[in-house]
Participant: 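Before anything else, here's the structure in question.
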There are 2 protein chains.
Amino acid sequence: MGRVTADTTTAGERILAGLDLWAEWATATQRAIVGAALESFAERGFHGTSLKHIAQGSGLSTAALYVHFASKEELLFALSRRGHAIALDLVRAAAADPDPATAVRVLVYAFTRWHAEQRTTARVVQYEQGALTAAHAEVIAGLRRDTERVVRGLLTRGAEDGAFTVPDVRGASAAVLSLGIDVARWFVPGGPWTPDALGLLYAELAGRMLGMPA
Amino acid sequence: MGRVTADTTTAGERILAGLDLWAEWATATQRAIVGAALESFAERGFHGTSLKHIAQGSGLSTAALYVHFASKEELLFALSRRGHAIALDLVRAAAADPDPATAVRVLVYAFTRWHAEQRTTARVVQYEQGALTAAHAEVIAGLRRDTERVVRGLLTRGAEDGAFTVPDVRGASAAVLSLGIDVARWFVPGGPWTPDALGLLYAELAGRMLGMPA
DNA sequence: GTCTATAAATTGATAGAC
DNA sequence: GTCTATCAATTTATAGAC
């Protein structure tokens, strides 16, 4: 493993270790509900999930769920908001590196690895926005805009100081994020890559895309 | 516009023009149903779509739908199968070019542009597989494996004859497909790119990823 | 082939006892 | 805070008239 690779892994792991999806839910019951909802939303989608699924997955009756959440949609919203906040934290932490080339490598590594390791959460985050109420969707859209802005800012910085050669910063940002996001759709544990290996590979491919010297 | 760019556009447009999603549905009624189902499945997902949505979208009663399709799931299956067949045709046509570098550029251009232009169809194709019965899902999985095999074959060919420098053919194939597929998730007409411009940009970015000389 | 009417099951959510 | 029981609405699908 080369120096750049080792550094990317180390920095990326530090960022990933700092993320805690569960911070918002304190009790065991809350966590059981949120965990069951995550599993079912990821597997069947929001509309394909009934309260019965969530109740059985968490060992409660459907009526008991309403003590903890006002509605099925509120449960999705809480989950989606927390997941988006985590993703934003991840991207911000990576982009904070003063060297744009390092920042991009670490960002793509950690973002990709997160989408592979936290595939369940990531699927809900990336693919269930359409089920939110208009008001809730607007909150989530704001978090997504923030994330995209951080990536565009990083690519702009790298392009200006000559670290990258990018024909279209906005388009390259979309491409970089797409690589990681789409992992949540197709990745299955036990396949040809570990999340770590896939993150490193995609970090290299993204570096090439941006015209970074190997 | 450079020569390579112009050639990519021309070849890609020829491929796209040869695709006909509707060939399978002959009558105006069938097309109205399929069109309404596509719209609603893409917007709300399969489970978020009721027969009432499809009936109203096609100007029929829910009962009349059953004259043309055995069930809601059979309708999704027919749609998904046709869309996957189209995507496979597209990829095969592009990969047939004897020059691997040209083939990759044309493939990414056409695949990306299709996901932008046919965003409605592409969303159903890429994101509604989970709603299929096990037997139907297996048919679709076969078409997806074929598509991936074509791309991996092309990248292997290009790597062997020196057109590309790819560290991991399988991983690079996944990345190339992800770029196009994820377009169906985020692309909205009227944004910063036309489907044509996005296809050209992504063809260039994919070329860089594969170590192709500009 | 299309309609109205309706069946049979499931859904999200609430009432009230403990 | 959890349960059983239940409501009101909606869902997929069918029956039968035209």
Participant: Taking the side chain as everything from C-beta on, heavy atoms only, tell me whether Arg185(A) gets closer than 4.5 Å to Tyr127(A).
Facilitator: yes
Participant: Rounding to a whole Å, what distance do you find between Tyr66(B):OH and dC3(C):C1'?
Facilitator: 16 Å
Participant: Between dG1(C), dT2(D), dT11(D), which nucleotide has the shortest distance from any of its atoms to the side chain of Lys52(B)?
Facilitator: dT11(D)
Participant: Can you see whether Arg105(B) engages Tyr109(B) through a side-chain donor-acceptor pair at a distance of less than 3.5 angstrom?
Facilitator: no
Participant: I want to confirm an ordering. Mapping His53(A) and Val67(B) to their closest nucleotides on DNA chain C, which one lands closer to the 5' end?
Facilitator: Val67(B)
Participant: Atom NZ of Lys72(B) to atom P of dT10(D): distance rounded to whole Å?
Facilitator: 15 Å
Participant: Choose from dT12(D), dA13(C), dC3(C) the nucleotide whose nearest atom is closest to any side-chain atom of Leu51(B).
Facilitator: dT12(D)
Participant: Any idea which of dT11(D), dA13(D), dT2(D) is nearest the Ser50(B) side chain?
Facilitator: dT11(D)
Participant: For the residue pair Glu43(B) / His53(B), report whether a side-chain donor-acceptor contact shorter than 3.5 Å exists.
Facilitator: no
Participant: Please report, rounded to the nearest Å, how far the P atom of dG1(C) is from the CD1 atom of Ile33(B).
Facilitator: 10 Å
Participant: Which nucleotide sits closest to the side chain of Ser61(A): dA13(C), dC3(D), dA13(D)?
Facilitator: dC3(D)
Participant: Can you figure out which of dA5(D), dA13(C), dC3(C) approaches the side chain of Ala63(A) most closely?
Facilitator: dA5(D)
Participant: Using a 4.0 Å heavy-atom cut-off, does Leu65(A) contact any base of the nucleic acid, only the sugar-phosphate backbone, or nothing at all?
Facilitator: nothing
Participant: Leu75(A) has an atom CG; how far is it from atom P of dA13(C), in whole Å?
Facilitator: 10 Å
Participant: Heavy atoms only, 4.0 Å cut-off, all strands: where does Thr49(A) land among base, sugar-phosphate and nothing?
Facilitator: sugar-phosphate
Participant: Could you tell me whether the phosphate oxygens of dT11(C), OP1 or OP2, come under 4.0 Å of any side-chain nitrogen or oxygen in His47(A)?
Facilitator: no
Participant: How close do Val125(B) and His84(B) get, heavy atom to heavy atom, and via which atoms?
Facilitator: O-CE1, 3.2 Å
Participant: Arg44(B) has an atom CZ; how far is it from atom P of dT11(D), in whole Å?
Facilitator: 10 Å
Participant: Please tell me if the side chains of Val176(B) and Phe111(B) come closer than 4.5 Å, counting only heavy atoms from C-beta onward.
Facilitator: no
